[in-house]
S.K.: 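For reference, the structure I am asking about is given below.
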Amino acid sequence: MRAEEQYIEELWKKKQSDVLRFLLRVRCWEFRQLPGIVRLQRPSRPDKARRMGFKAKQGYVVYRIRVRRGGRKRPVHKGIVYGKPASQGITQLKPTRNLRNVAEERVGRKCGGLRVLNSYWVNQDAVYKYFEVILVDPAHKAIRTDARVNWICNPVHKHREQRGLTSAGKKYRGLRGKGHLNHKARPSRRAVWRKNNRVSLRRYR
């Protein structure tokens, strides 16, 4: 890592310092004046972007997006849930997907021809969280000939952000941990539930 990148990284580790608090406050004011999704000339956190896979070369794009903070209220008419008392809750519910993944999905929908590589937090205020999403152009020659990143040109990586395959997606799916404590998360919670609850009547042969 270059010395200047290391310096920036150490600055960002102390977000309560006077320098970062001032910088984040000024930037947050600027972000509020701009549209919800905006393309950037360069990442606002170059050290973090590089760690997330960004390269300052053709074929890489960075978008900043804002997502509303807070939980997920149950969308039912007049707050009436026609079901068991256990599922009567309306407020204080949290979404399964995290806000970083929601940001990736929205950018991925807007830029259908690009592939989402990764994302990172840049700012937040009382209403919004701001993320920067790194995208890659799979049709660009500079990407297709780069052995380190041309895996993303494969068709199976279309809209990987919508299927929980990015870093943020794997986090909300519970795939961060390994070992016997995390057996119920692999290959997915739903697949494990299905396997455990399906009646398997093996024929006598």
Side-chain angles (χ1 to χ4, degrees), residues 1-69 95 97-111 114-138 140 142-143 146-152 157 159-177:
M1 185 187 286
R2 296 199 304 267
E4 59 268 25
E5 280 184 16
Q6 204 164 359
Y7 178 73
I8 295 171
E9 184 184 344
E10 292 301 320
L11 270 178
W12 273 91
K13 280 181 181 175
K14 297 179 171 61
K15 295 182 178 62
Q16 288 288 312
S17 65
D18 291 348
V19 176
L20 255 291
R21 283 174 66 183
F22 176 74
L23 181 70
L24 291 172
R25 194 168 77 237
V26 172
R27 277 189 178 172
C28 203
W29 176 87
E30 183 194 355
F31 295 168
R32 272 197 295 269
Q33 319 306 317
L34 297 170
I37 300 179
V38 59
R39 184 179 170 179
L40 308 178
Q41 292 290 326
R42 59 181 66 85
S44 46
R45 292 181 66 181
D47 62 313
K48 183 71 170 176
R50 280 181 60 81
R51 275 179 285 147
M52 295 289 111
F54 175 78
K55 292 274 187 284
K57 59 185 268 184
Q58 291 179 327
Y60 283 85
V61 190
V62 180
Y63 275 80
R64 185 172 52 242
I65 175 169
R66 67 173 186 231
V67 184
R68 281 190 86 92
R69 296 176 62 181
R97 295 173 301 161
N98 52 48
L99 295 181
R100 187 155 77 93
N101 188 74
V102 172
E104 290 178 353
E105 288 185 15
R106 289 183 187 171
V107 174
R109 284 197 198 95
K110 187 171 177 67
C111 310
L114 304 179
R115 305 272 160 88
V116 174
L117 181 63
N118 219 325
S119 64
Y120 52 92
W121 177 95
V122 284
N123 216 323
Q124 69 186 49
D125 57 18
V127 183
Y128 296 107
K129 280 198 177 190
Y130 298 89
F131 299 95
E132 286 182 5
V133 182
I134 303 165
L135 300 109
V136 175
D137 183 0
H140 200 289
I143 300 299
D146 186 346
R148 286 180 185 276
V149 77
N150 62 6
W151 55 268
I152 209 165
H157 294 295
H159 290 292
R160 54 200 294 272
E161 75 286 346
Q162 308 287 350
R163 298 177 286 133
L165 302 180
T166 57
S167 177
K170 286 184 176 179
K171 185 174 183 182
Y172 84 74
R173 289 168 60 202
L175 299 177
R176 279 278 192 266

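Since the model is a prediction, treat every value here as computed from it, not as a measurement.
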S.K.: For the pair R45 (side chain) and W121 (backbone), establish whether a donor and an acceptor sit closer than 3.5 Å, ignoring hydrogens and angles.
M.R.: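 Pair found, side chain donor or acceptor close to backbone of W121.
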
S.K.: When you measure from the side chain of N98 to the backbone N and O of A168, does any donor-acceptor pair fall under 3.5 Å?
M.R.: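 Yes; judged by distance alone, with no hydrogens or angles, the pair exists.
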
S.K.: Residues two or more places apart in sequence or in another chain: which of them pass salt bridge (Lys or Arg N to Asp or Glu O under 4.0 Å) with E30?
M.R.: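 If we apply the salt bridge (Lys or Arg N to Asp or Glu O under 4.0 Å) test to E30, skipping adjacent residues, there are no hits.
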
S.K.: The criterion is side-chain hydrogen bond (donor to acceptor under 3.5 Å, both in side chains); which residues satisfy it with E161, sequence neighbours excluded?
M.R.: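 Partners of E161 under the side-chain hydrogen bond (donor to acceptor under 3.5 Å, both in side chains) test: H159.
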
S.K.: Examine distances only and state if a side-chain atom of R66 and a backbone atom of L34 form a donor-acceptor pair shorter than 3.5 Å.
M.R.: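 It does hold such a pair.
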
S.K.: In Å, rounded to the nearest 0.5 Å, how long is the span from CD of Q162 to CZ of R97?
M.R.: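 So the CD of Q162 and the CZ of R97 are separated by 8.0 Å.
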
S.K.: Can you find a heavy atom in the side chain of Y60 that is under 4.5 Å from one in the side chain of I143?
M.R.: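 Y60 vs I143: side chains touch.
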
S.K.: State whether K57 and D146 are salt-bridged, where the test is any N-O pair (Lys NZ or Arg NE/NH1/NH2 against Asp/Glu carboxylate O) under 4.0 Å.
M.R.: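 Salt bridge: yes.
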
S.K.: Would you say R173's side chain and G164's backbone share a donor-acceptor pair under 3.5 angstrom?
M.R.: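 Yes.
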
S.K.: Output a table of donor-acceptor pairs, distance under 3.5 Å, between side-chain atoms of residues 125-132 and any protein atom two or more places apart or on a different chain; print 'none' if there are none.
M.R.:
| residue | atom | partner | partner atom | Å |
| --- | --- | --- | --- | --- |
| D125 | OD1 | V127 | N | 3.0 |
| D125 | OD1 | Y128 | N | 2.7 |
| D125 | OD2 | R32 | NH1 | 2.9 |
| E132 | OE1 | S44 | N | 3.2 |
| E132 | OE1 | S44 | OG | 3.4 |
| E132 | OE1 | Y120 | OH | 2.5 |
| E132 | OE2 | S44 | OG | 2.2 |

S.K.: Please check if the number of heavy atoms outside R69 that lie under 6.0 Å from its CZ is greater than 12.
M.R.: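 Enclosed: over 12 neighbouring heavy atoms sit under 6.0 Å from CZ of R69.
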
S.K.: Would you check, one step at a time, whether the test side chain to side chain donor-acceptor pair (under 3.5 Å) holds for S167 with R176?
M.R.: CA-CA 9 Å; S167 177; R176 279 278 192 266; 3.1 Å; yes

S.K.: By salt bridge (Lys or Arg N to Asp or Glu O under 4.0 Å), which residues pair with R115, not counting sequence neighbours?
M.R.: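 Listed in chain order: nothing, the list is empty.
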
S.K.: Going by the rule side-chain hydrogen bond (donor to acceptor under 3.5 Å, both in side chains), which residues pair with Q41 if we only count those two or more places apart in sequence or in a different chain?
M.R.: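 For Q41, no residue satisfies side-chain hydrogen bond (donor to acceptor under 3.5 Å, both in side chains) once neighbours in sequence are set aside.
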
S.K.: Among residues at least two apart in sequence or on other chains, which ones pass side-chain hydrogen bond (donor to acceptor under 3.5 Å, both in side chains) with R50?
M.R.: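 By the side-chain hydrogen bond (donor to acceptor under 3.5 Å, both in side chains) rule, R50 matches E5.
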
S.K.: Determine whether R100 and E104 make a side-chain contact, defined as any pair of heavy atoms from C-beta on separated by less than 4.5 Å.
M.R.: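 In short, these two side chains touch, coming nearer than 4.5 Å.
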
S.K.: Do D137 and V61 have side chains that approach each other closer than 4.5 Å (heavy atoms only, starting at C-beta)?
M.R.: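 Side chain of D137 against side chain of V61, heavy atoms only: no contact under 4.5 Å found.
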
S.K.: With L135, which of L117, V107, V62 fulfils side-chain contact (heavy atoms from CB on, under 4.5 Å)?
M.R.: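 Only one of L117, V107, V62 forms a side-chain contact (heavy atoms from CB on, under 4.5 Å) with L135, namely V107.
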
